[in-house]
Amino acid sequence: MKVKNVLDTLKSVFILAMKDLKVRRKYKFVWINMALTPFFMIAPYVFSAKITTQQDIVNNILIGTLLWYWLNQYFFGVGDGFSEERMEGTLVTIVLSPISTVAFLFSKAIDTFIMNLYITLFTLLFFWLLGIDIYLSFYFFLLLLVSGLYITFFSIFFAGLNLLYKRIGTLNYSIQYGIGLLSGMVNPVSNFPFYIRIASYLLPLTYLIEAGRVILNSNDVTKFFFNLLTVSIISVVYLVVGVAMLKKAEHLIRQKGEWEEW
Amino acid sequence: MLENVSLNISEGEFTVLVGPNGAGKSTLLRIMVGLLLPDEGEVNILGFDVKKHWKKLARYIGVVLANERSLYWKLTAWENLDIFGGIYNVPKKKRIERAEELLNFFGLYDDKDKLVEDYSTGMRKKLLLCKALIHQPKILFIDEILNGLDVNAVIQVNSFLEKSSKDGVTVVMVSHILHNLSEDAKIVLLKNGKIELISRYGDIFASKDVYNQLSELFLQSSEYAENE
């Protein structure tokens, strides 16, 4: 019986994710925007690195900024996932359905993952056309898959915060940039003072970027998996706290009846 | 704000919550579906404690809210029904049959491939009903769906609800429009968060006292709306 419930939830999650893709299909310019904007945003960093003529620095910055862009998309898609449905007017309908708020956020995560793969494909293609090439190994794709999962967990934590403290959503951009800086998207966190590094090592993105740099520059599989193991532990903690915050927020919203307010 | 509200609704009953603006009709409906938690008291529907197990209950109820935007406007009517049927885990084949049946009944089948944003208000309201019925719920909760519908559409919707009720679906509807209701419909009149009257629709016209009470409250309700 429980297995059937899990399968039913997975089917609902998949249907909701497909719904997002169907809706986006109607906005053709969004696809052009998603193909170009990430490249335009991270290219200045990467080309600045190319001045040094050191491939490892180019790799470091490319993987750092690319994964940071993934986080941006997850923060909007999952972390702020309720706002999108609220603005559409469909949030209450979803809330009234058998699907839980966490399952709903996972449907947003699938949609964001597909969009991030699309973004990555075009970004790497544009860099390749402009003479910046990175080695795409099996571990690189594994890193993207793991990043999708663990940035989702972290974004669910942000979604919980967002639902508990509604005004925090207005700081979304600042928080994203702050996380990017602290995670060492352009420079290794070892360059930071000790007290900043403590904050850096609390962020999943730090380990994902580090894993990416290890695999692109030295192909050190042991170090790669050590980073993945660390990020797994940290991300699960964020997920557990995030789910608890979502439950609390849901209870408070039901007490006040504020589903449509933001 | 609701006060000492106690209401029993039997299976297959057609209940209409009426009363002036601010009487607490929509609040009561929202409590019954689990969107809102009451400060105290119990809400039990189909054996589920709604305060705790509202998500388990969700599978057995259909809800139509007044908000027309609770559909995906950038998708077609057919896509909307397919998605909502899917969320409730209605098997694909059954989903198609049910969607065809509902769209045909409400005269929307020929427009099934139109985007919801191109629908009229009346069409959207009928589609909201189709959406709430796609998983064949045991109870249908409806908030103000008749507002903005023309006379023919009101008759069509009411007769559909009446038929559903006779087929065993319990209907709980918030409405200001009381004509064309079945004689058996249960009218629950709310005022200032309290239940003032519970009567069969057919009995309202049989008893002068009940009729006067209801008329008076509706008059107050329209004066209130005009002053607003």
Side-chain angles (χ1 to χ4, degrees), chain A residues 1-30 84-104 106-107 111 246-261, chain B residues 1-2 26-27 29-39 43 50-76 78-80 82-92 95 115-117 124 128 131-132 134-135 137 141 143:
Chain A
M1 188 64 186
K2 279 195 172 174
V3 175
K4 189 187 176 296
N5 288 347
V6 172
L7 286 176
D8 282 349
T9 304
L10 287 176
K11 274 186 211 163
S12 302
V13 166
F14 181 73
I15 284 167
L16 275 175
M18 290 304 108
K19 178 270 296 174
D20 282 329
L21 285 170
K22 273 184 187 168
V23 171
R24 198 174 294 108
R25 209 181 54 197
K26 316 270 167 153
Y27 296 93
K28 304 251 176 336
F29 281 99
V30 168
E84 197 188 336
E85 296 283 331
R86 264 191 193 128
M87 281 187 273
E88 186 93 19
T90 44
L91 181 64
V92 174
T93 309
I94 297 294
V95 164
L96 282 168
S97 76
I99 200 161
S100 70
T101 44
V102 178
F104 164 75
F106 271 103
S107 78
D111 172 56
L246 279 175
K247 295 266 174 216
K248 191 179 172 191
E250 192 178 287
H251 187 77
L252 288 172
I253 292 172
R254 285 179 74 205
Q255 276 181 331
K256 293 178 185 168
E258 285 179 345
W259 288 105
E260 276 138 343
E261 289 172 27
Chain B
M1 179 79 96
L2 295 173
S26 295
T27 304
L29 191 108
R30 283 172 173 256
I31 287 174
M32 286 196 267
V33 298
L35 273 182
L36 190 59
L37 283 170
D39 295 330
V43 192
V50 181
K51 288 200 283 187
K52 283 184 191 161
H53 303 299
W54 66 310
K55 283 288 174 186
K56 285 182 186 164
L57 173 71
R59 208 164 277 286
Y60 305 98
I61 63 169
V63 185
V64 182
L65 296 172
N67 180 11
E68 281 173 46
R69 292 225 62 117
S70 52
L71 293 161
Y72 292 105
W73 281 32
K74 280 284 169 197
L75 299 180
T76 65
W78 185 263
E79 285 171 328
N80 266 279
D82 188 42
I83 287 163
F84 285 109
I87 294 173
Y88 283 85
N89 300 122
V90 180
K92 186 83 181 171
R95 211 148 81 204
L115 296 181
V116 174
E117 66 182 4
R124 281 187 208 124
L128 282 171
K131 184 203 78 176
I134 191 78
H135 58 293
F141 292 95
D143 194 3

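In the text below, chain A, chain B and the rest are named by the order of the sequence lines, each starting its count at 1.
Within the 4.5 angstrom heavy-atom criterion, atoms from both the backbone and the side chain of B:Val33 approach chain A. Using a 4.5 Å cut-off between heavy atoms, A:Leu16 touches chain B through its side chain atoms alone. Within the 4.5 angstrom heavy-atom criterion, no atom of B:Lys56 approaches chain A. For a residue to count as touching a neighbouring chain, one of its non-hydrogen atoms must lie under 4.5 Å from one of that chain's; by this rule A:Leu7 does not touch chain B. Of the two parts of A:Phe14, neither the backbone nor the side chain holds a non-hydrogen atom closer than 4.5 Å to a non-hydrogen atom of chain B. Only the backbone of B:Leu71 comes within contact range of chain A, judged by heavy atoms closer than 4.5 Å. Interface residue B:Leu65: only side-chain heavy atoms are found under 4.5 Å from chain A.
Remark: B:Asp143 does not engage B:Arg30 in a salt bridge, criterion side-chain N to carboxylate O under 4.0 Å.
Taking OG of A:Ser12 as the start and CZ of A:Phe106 as the end, the distance is 14.5 Å to the nearest 0.5 Å.
Highest contact tally toward chain A, considering only B:Asn89, B:Ile61, B:Leu36, is held by B:Asn89 [criterion: heavy-atom pairs under 4.5 Å].
The shortest non-hydrogen separation linking B:Glu79 to A:Arg25 is OE2-NH2, 3.7 Å. The minimum heavy-atom distance linking A:Thr90 with B:Arg69 is given by the pair CG2-O, 3.6 Å.
Counting only residues at least two apart or on different chains, the salt bridge (charged side-chain N to carboxylate O under 4.0 Å, His left out) pairs with a member in residues 6-19 of chain A are A:Lys4-A:Asp8, A:Lys19-A:Glu85.
Counting heavy-atom neighbours within 6.0 Å of B:Lys52 NZ, excluding the residue itself, gives a total of 12 or less.
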